[in-house]
Amino acid sequence: MRTPFIAGNWKMNRSIGESIQLAKLLKVKLADVSQVDIAVCPQFLALPEVAKVLAGSNIHVGAQNCHGNPSGAFTGEVAAEMVADAGATHVILGHSERRQIFGETNQGVRARLAGALRAGLHPIVCVGETLAEREAGATIDIVSDQVKGALEGFDAQALRHLTLAYEPVWAIGTGKTASPEQAQEVHASIRSLIASLYGQDFAHALRIQYGGSVKPGNVAELMACTDIDGALVGGAALDAESFSNIVHF
Ligand code: 13P
């Protein structure tokens with residue numbers, strides 16, 4: 001059985017002080033949880049403070065991105081090693097906002113993934129189609145290309161701490177959730193692709209999160225799907241009560 005994994009992506013929200021407050025509330029509200037893996041991903045500057053608050057708790061801390069090189073002339077970037085040094089154990093990679101707004105490509109995601117693995121971070125690699133791609137019937141092709149493009153060249157051993165997140169772009173921040181059937185169909189196709197690349201055992205153990213307008217009211221029906229193993233939560237992760245309710249699905 002796969003342990004559910006629910007992560008909050010705080011995106012570019014909350015000051016350092018507000019992030020500390022949110023982390024303190026979550027630490028209390030989620031202290032009873034032992035059957036679900038939990039992570040929160042604050043903005044970079046708040047990350048070391050949040051990591052201090054959550055040290056020794058059952059909540060992991062992740063970054064929202066990292067660079068593939070360990071150091072160098074990459075103005076504005078943060079290396080995977082620096083993310084780990086700041087107290088993170090996880091990192092989100094290839095989020096659709098990175099792909100759409102900042103031009104990250106599958107190849108770029110792969111380079112960042114190489115850094116994350118080198119630094120010992122647990123990566124959460126995001127994939128997902130746009131509305132136009134879904135309407136054109138290209139969902140499975142697009143998502144498969146993103147999975148293959150990001151993971152190419154890494155073996156199962158290197159990817160043992162990998163989590164994938166299926167986040168349909170049209171469901172992010174829109175209030176429109178994929179139906180459990182829509183999400184399950186894509187999750188199942190991702191798992192069978194992973195099985196063809198890395199074998200059944202690896203595919204069976206891999207956790208695939210769903211992301212896109214996950215809320216306390218819809219998390220249970222999503223989590224009930226065979227191939228949905230968790231959630232990557234944006235807006236609803238910014239409120240301690242609602243994130244706690246999601247984790248307690
Ligand atoms: P929302 O939950 O706000 O739709 O965001 C989802 C997301 O992008 C998580 O990474």
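Note that the numbering runs from 1 along the sequence shown for the chain. Order of listing sets the numbers, starting from 1, for every ligand and every atom in it.
Between Lys215, Gln209, Glu167, Lys176, it is Glu167 that holds the heavy atom closest to atom 9 (C) of ligand 1.
The ligand atoms of ligand 1 that sit less than 4.0 angstrom from a heavy atom of Gly212 are 4 (O), 6 (C). Those atoms of ligand 1 that come under 4.0 Å of a heavy atom in Gly173, given as number and element, are 1 (P), 3 (O), 4 (O). If you number the atoms of ligand 1 from 1 as listed, the ones under 4.0 Å from a heavy atom of Ala171 come out as 4 (O). Of all the atoms in ligand 1, the ones that sit under 4.0 Å from a non-hydrogen atom of His95 are 7 (C), 8 (O), 9 (C), 10 (O).
A salt bridge does not link Glu104 to Arg99: none of the charged side-chain nitrogens sits closer than 4.0 Å to a carboxylate oxygen.
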| task | Might you work through the side chain to side chain contact (heavy atoms under 4.5 Å, CB included) test for Gln64 and Phe44, ending with a clear yes or no? | result | CA-CA 8 Å; Gln64 300 169 17; Phe44 277 126; 6.0 Å; no
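Within the structure, salt bridge (Lys or Arg N to Asp or Glu O under 4.0 Å) contacts touching residues 35-64 (residues at least two apart or in different chains) are Asp37-Arg207, Glu49-Lys52.
The side chain to side chain contact (heavy atoms under 4.5 Å, CB included) check on Arg191 picks up Arg2, Ala203, Leu206, Ile208, Asp227, Asp229, with sequence neighbours excluded.
Using the six-membered ring where Trp is involved, His187 and Tyr166 have ring planes that are perpendicular, over 60° apart on the 30 and 60° scheme.
Separation of the Tyr198 and His204 ring centroids does not fall under the 6.0 Å cut-off.
For atom 2 (O) of ligand 1, the nearest protein heavy atom (residue, atom name, distance) is Gly234 N, 2.9 Å. The nearest heavy-atom contact from the protein to atom 3 (O) of ligand 1 is Gly235 N, 2.8 Å.
Within the 4.0 Å heavy-atom shell around ligand 1 one does not find Cys126. For Lys11, the closest heavy-atom approach to ligand 1 falls below 4.0 Å.
The proximity of Leu232 to ligand 1, defined as any non-hydrogen pair under 4.0 Å, involves the side chain as well as the backbone. Residue contacts with ligand 1 for Ala236 are absent, since no atom lies close enough (heavy atoms, distance under 4.0 Å).
From Leu197, atom CG reaches atom CG of Asp155 across 12.5 Å, with rounding to the nearest 0.5 Å. In this structure, OG1 on Thr163 lies 5.5 Å from CD on Gln209, to the nearest 0.5 angstrom.
Polar contact with ligand 1: present for Ser213 (N/O pair, distance under 3.5 Å).
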